[in-house]
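Scroll down for the structure; my scribbles are underneath it.
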Amino acid sequence: MKLLKYLLALLVVVPLGAQELQTEKGKNLWNNFTYDVGNMFGGVCYSYSRPFHWKGNDWANFGYLAGGTLLLFTVDDQLNDWKNGFREDVPDFVMDYGHEYGSPENNYMLTGGVYLAGLFTKNEKLRRTGVLLISSATAGGFLQQVSKRIIGRARPKSGASSSTFDPFHLDRVYDYDSFPSGHAMLAFSNAYAIAKQFKSPWVKIGLYTVGSIPGLVRVMDDFHWVSDVAFSTVLSIFIVESIDKYLDSKYNEKYNSQNPKNVSWNLSFGPSTMGVSLHF
């Protein structure tokens with residue numbers, strides 16, 4: 001429920017600030033703001049509707065994601081035991097960053113800040129990035145909050161095995177809300193959306209790496225299994241890409257046409273191969 005509270009706070013506080021600007025400039029800001037808020041909700045709805053429009057390739061990618069996640073399910077306990085061997089070697093500042101950055105409150109502070117910077121500087125590219133960030137975080141955040149209560153997978157810190165489930169809780173049960181990972185989804189959504197601002201594949205890879213830290217930290221601290229984080233990371237890519245395509249029809253600034261196919265993601269799944277490959 002924290003996610004919904006922070007979203008509502010953003011939608012209340014920002015309009016109040018904008019209403020104070022009654023000049024012609026203020027009216028333009030208000031018009032831009034209301035247009036952008038409409039696109040935020042439009043982007044969320046668009047991303048949720050995509051499965052009804054999937055074709056062969058889309059279903060194949062979903063199949064790879066489901067198959068890869070199921071395969072990781074079978075080794076989650078072993079991977080959890082393996083990471084315990086070097087947990088103490090991870091610096092405290094990395095652990096602190098991983099826990100704090102992926103939290104909903106800090107996520108909306110970042111995404112809201114990016115959006116407001118674009119709004120007040122009249123930078124459409126930055127505005128669009130803010131809209132993409134907020135829409136992606138909202139779509140992914142709401143989806144994971146609902147699904148983790150339905151699925152009810154035990155967290156590693158509960159002491160139960162990775163195959164333990166207690167599904168269909170309306171209220172949050174903290175030891176049984178492991179799948180998927182909200183921290184991983186929010187953090188990587190941000191990194192992936194911000195990376196669209198840059199053409200350099202090396203900058204993109206750097207952002208992807210930083211965006212992966214919260215998910216990995218949650219594994220290290222026994223909040224999630226590896227499959228939780230892997231699934232959430234890939235799903236966040238799907239969500240950002242779908243919303244970005246929706247925003248192509250709403251803004252003149254189009255990321256997809258600036259640097260076509262220089263960086264591409266592919267899912268691979270087979271007897272000796274499983275993962276996400278990045279080509280540039």
Looking only at the side chains, is there a donor atom on one of [X] and [Y] sitting less than 3.5 Å from an acceptor on the other?
X: S161; Y: T164; value: yes
X: T129; Y: Q197; value: yes
X: D36; Y: Y251; value: yes
X: D77; Y: S162; value: yes

Inset, instruction - Inspect the contact between R155 and D222 and indicate whether a charged nitrogen and a carboxylate oxygen are less than 4.0 angstrom apart. - result: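 The answer is no: the pair does not qualify as a salt bridge.
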
Inset, instruction - Using a strict cut-off of less than 4.0 Å between a Lys/Arg side-chain nitrogen and an Asp/Glu carboxylate oxygen, indicate whether D175 and K157 qualify as a salt bridge. - result: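 Looking at K157 together with D175, the answer is yes, because their closest N to O distance falls below 4.0 Å.
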
Legend entry - From CA spacing to verdict: salt bridge (charged side-chain N to carboxylate O under 4.0 Å, His left out), D244, R128: CA-CA 9 Å; D244 191 33; R128 173 180 168 147; 2.4 Å; yes

Considering all heavy atoms of both residues, which atom of [X] and which atom of [Y] are nearest to each other, and what is their separation?
X: K199; Y: K204; answer: O-CE, 4.1 Å
X: I243; Y: G43; answer: CG1-O, 3.3 Å
X: T138; Y: Y48; answer: O-OH, 4.1 Å
X: S178; Y: A154; answer: CB-O, 3.6 Å

Inset, instruction - May I ask you to check whether over 12 heavy atoms, not counting those of D81, lie within 6.0 Å of atom CG? - result: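 Check passes, neighbour count above 12.
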
Inset, instruction - Check whether more than 12 heavy atoms from other residues, nucleotides or ligands sit under 6.0 Å from atom CG of D89, and answer yes or no. - result: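 For D89, atom CG is crowded (more than 12 foreign heavy atoms under 6.0 Å).
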
Inset, instruction - Using the six-membered ring of Y246, assess whether NZ or CZ of R50 lies under 6.0 Å from its centre and within 45 degrees of the ring axis. - result: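 The answer is no; the distance or angle limit is not met.
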
Legend entry - F62 and W54 aromatic ring geometry - parallel, tilted or perpendicular at 30°/60° bounds: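 Judged by the thresholds at 30° and 60°, the geometry between W54 and F62 is tilted.
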
Inset, instruction - Step through it carefully: locate the ring centre of H99, locate the ring centre of F223, and say whether they are under 6.0 Å apart. - result: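 Centroid separation for H99 and F223: below 6.0 Å.
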
Inset, instruction - Please find out if less than 6.0 Å separates the ring center of F179 from that of W225. - result: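 Ring-ring flag for F179/W225: false, centres at least 6.0 Å apart.
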
Legend entry - Shared hydrophobic cluster, Y115 / M109 (ILVMFWY, side-chain heavy atoms < 4.5 Å):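 Each belongs to a different hydrophobic cluster.
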
